[in-house]
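For reference, the structure discussed in these notes is given below.
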Amino acid sequence: MKEADAIKLFIGQIPRNLEEKDLKPIFEQFGKIYELTVIKDKYTGMHKGCAFLTYCARESALKAQTALHEQKTLPGMNRPIQVKPADSEGRGEDRKLFVGMLGKQQEDDDVRKMFEPFGRIDECTVLRAPDGTSKGCAFVKFQSHAEAQAAINSLHGSRTLPGASSSLVVKFADTEKERGLRRMQQVASQLAVFSPMTLNLGAYNAYTQALVQQQTLVAQSAYLSPIATVAAVQMQQMAALNGNGIIATPITPITPITPSSAQSSAGVLDPLQQAYAGMQHYTAAYPAAYGLVSTPFPQQHTLVPQQQQQQQQREGPEGCNIFIYHLPQEFTDSELLQMFLPFGNVISAKVFVDRATNQSKCFGFVSFDNPTSAQTAIQAMNGFQIGMKRLKVQLKRPKDANRPY
DNA sequence: TATGATT
């Protein structure tokens with residue numbers, strides 16, 4: 001049998017002619033092997049030159065890693081052998097806990113005392129605001145996954161601390177990927193400019209239909225963690241995407257992420273993992289927006305007062321004006337403005353309206369006071385999916401664009 | 001429905 005905190009190792013750079021029986025002697029010297037499997041192609045059964053290895057003892061895995069990883073090269077290979085925890089082992093974050101619903105007056109030491117009975121603690125930190133006040137939560141890192149799990153089993157929901165609004169939350173800390181999803185959710189919220197008015201206009205077009213579908217999906221996933229819900233919504237959008245466009249979550253802010261609802265069953269894993277592919281898509285496309293969202297934009301990014309009344313001077317300098325097409329029919333100037341506020345100082349936001357019918361022509365312009373904001377907005381919003389369509393966002397064509405001087 | 005609306 002293997003230990004509860006055993007580590008699954010990934011073994012790379014092994015010759016394709018070596019099978020389990022050949023590899024066993026190499027690794028057995030560090031301890032009893034629980035499982036050793038050469039990785040083969042799902043369809044062809046072809047040896048892929050790597051394997052998974054789990055020792056019965058955690059210690060054996062650590063020894064093997066130290067002794068072998070990049071330390072020797074097997075015959076016929078031109079790179080040294082790889083021996084490291086498999087990706088599934090979660091980069092060591094499997095022993096770190098997030099603790100929520102602490103009292104504001106609890107110090108690191110108080111938290112440490114609470115968790116000490118469950119194992120050796122490597123790290124224990126109460127999260128604090130810049131002014132030093134406790135955020136009512138903490139990270140606690142044990143030396144092993146098993147210890148962390150034991151603490152969850154005994155402490156999660158076990159009591160309500162003085163000054164906390166609900167019972168103690170003890171869960172594994174977010175992985176890197178979950179953090180990414182959380183950040184995206186924040187960005188999506190910033191960009192979720194769809195006021196309730198939009199839905200109440202009564203127009204049942206593709207856009208409102210898509211909104212309803214998404215909200216139904218959110219409702220259906222209520223039993224999952226909020227993260228998984230976001231992931232599910234993103235998956236839905238992912239399905240509609242092919243090409244290099246960017247998509248995001250154009251819905252009213254989803255269920256707030258509360259620590260108490262975030263610890264959930266195994267059901268959460270699957271949609272999350274499925275969403276990872278999409279995340280990479282996102283993280284590649286949104287860095288600029290991440291940066292901006294964390295800046296104190298509500299103060300800075302507002303209309304300059306003189307221009308609020310008199311909207312005559314609509315265009316910004318060259319390179320500061322963007323053209324947006326495929327806006328939802330019911331989008332007004334103010335919604336267009338809100339959508340682009342996160343990217344900089346908006347000088348004007350104008351939806352084009354058919355003069356005869358007063359209907360939006362589904363395109364418009366946004367002007368910033370500097371070209372960088374315009375570029376950032378283009379990067380982040382071009383391809384932003386709304387309903388069945390994706391926004392087209394690009395620099396406004398100069399007036400003389402097709403005039404060959 | 002496609003680039004700041006009759007210069």
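Below, each value reflects all heavy atoms present in this structure, side chains not excepted, and no hydrogens, waters or symmetry copies. In what follows, chains carry the letters A, B, and so on, assigned in the order in which the sequence lines appear, proteins first and then strands, with residues in each chain numbered from 1.
Minimum atom distance to the side chain of A:His326 is reached by B:dA2, of the listed B:dG4, B:dA2, B:dT1. When the nucleotides B:dG4, B:dT1, B:dT3 are ranked by their closest atom to the side chain of A:Arg397, B:dT3 comes out on top. Of the listed nucleotides (B:dT3, B:dA5, B:dG4), B:dG4 has the atom at the smallest distance from the side chain of A:Ser367. The listed nucleotides are B:dT3, B:dA5, B:dT1; the one nearest the side chain of A:Phe365 is B:dT3.
In this structure, A:Glu330 atom CD and B:dT1 atom C1' are separated by 15 Å, rounded to whole Å. Across the protein-nucleic acid pair, A:Lys396 atom NZ and B:dA5 atom C1' stand 12 Å apart, rounded to whole Å. The distance between atom CD of A:Glu318 and atom P of B:dG4, rounded to the nearest whole Å, is 13 Å. Between the P atom of B:dT1 and the CZ atom of A:Phe323 lies a distance of 12 Å, rounded to the nearest Å. Here B:dA2 presents its C1' atom at 12 Å from CD1 of A:Ile324, a figure rounded to the nearest Å. The distance from atom CG of A:Asn382 to atom C1' of B:dT3 is 15 Å, rounded to the nearest whole Å. A straight line from CG of A:Leu395 to C1' of B:dA2 spans 16 Å, rounded to a whole angstrom. If you take CG of A:Leu391 and P of B:dA2, they are 17 Å apart, rounded to a whole angstrom.
Between A:Lys392 and B:dA2 there is no side-chain polar atom (N or O) within less than 4.0 angstrom of OP1 or OP2.
Checked for salt-bridge contact, A:Lys40 and A:Glu19 meet the test: a charged N lies under 4.0 Å from a carboxylate O.
Note on A:Gln359: nothing from the nucleic acid sits closer than 4.0 angstrom, heavy atoms only. Contact annotation for A:Asp354: no contact, since no heavy-atom pair falls under 4.0 Å across all strands. Heavy atoms of A:Phe363 sit under 4.0 angstrom from primed sugar atoms or phosphate atoms, though from no base atom.
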Table please: side-chain donor-acceptor pairs of residues 47-56 of chain A below 3.5 Å, with sequence neighbours left out.
unit_1  : atom_1 : unit_2  : atom_2 : d
A:His47 : ND1    : A:Gly49 : N      : 2.9
A:His47 : NE2    : A:Leu18 : O      : 2.7
A:Tyr55 : OH     : A:Phe27 : O      : 2.7

Show me the donor-acceptor pairs, under 3.5 Å and distance only, between side chains in residues 119-130 of chain A and residues at least two apart or in other chains.
unit_1   : atom_1 : unit_2   : atom_2 : d
A:Arg120 : NE     : A:Gln143 : OE1    : 3.3
A:Arg120 : NE     : A:Glu147 : OE2    : 3.3
A:Arg120 : NH1    : A:Gln143 : OE1    : 3.2
A:Arg120 : NH2    : A:Glu147 : OE2    : 3.4
A:Asp122 : OD1    : A:Gln143 : NE2    : 3.1
A:Asp122 : OD2    : A:Arg95  : NH1    : 2.8
A:Arg128 : NH1    : A:Gly132 : O      : 3.1
A:Arg128 : NH2    : A:Glu107 : OE1    : 3.1

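In this structure, the ring of A:Phe343 has its center no less than 6.0 angstrom from the ring center of A:Phe368.
A:Phe142 is not listed as a side-chain neighbour of A:Gln149, based on a closest heavy-atom distance of 4.5 Å or more.
Each of A:Tyr325 and A:Val351 lies near DNA chain B, and the nucleotide nearest A:Tyr325 is the one positioned closer to the 5' end.
Residue-nucleotide stacking is not present for A:Phe352 and B:dG4, judged by a side-chain ring centre under 5.5 Å from the six-membered base ring centre and planes under 30° apart.
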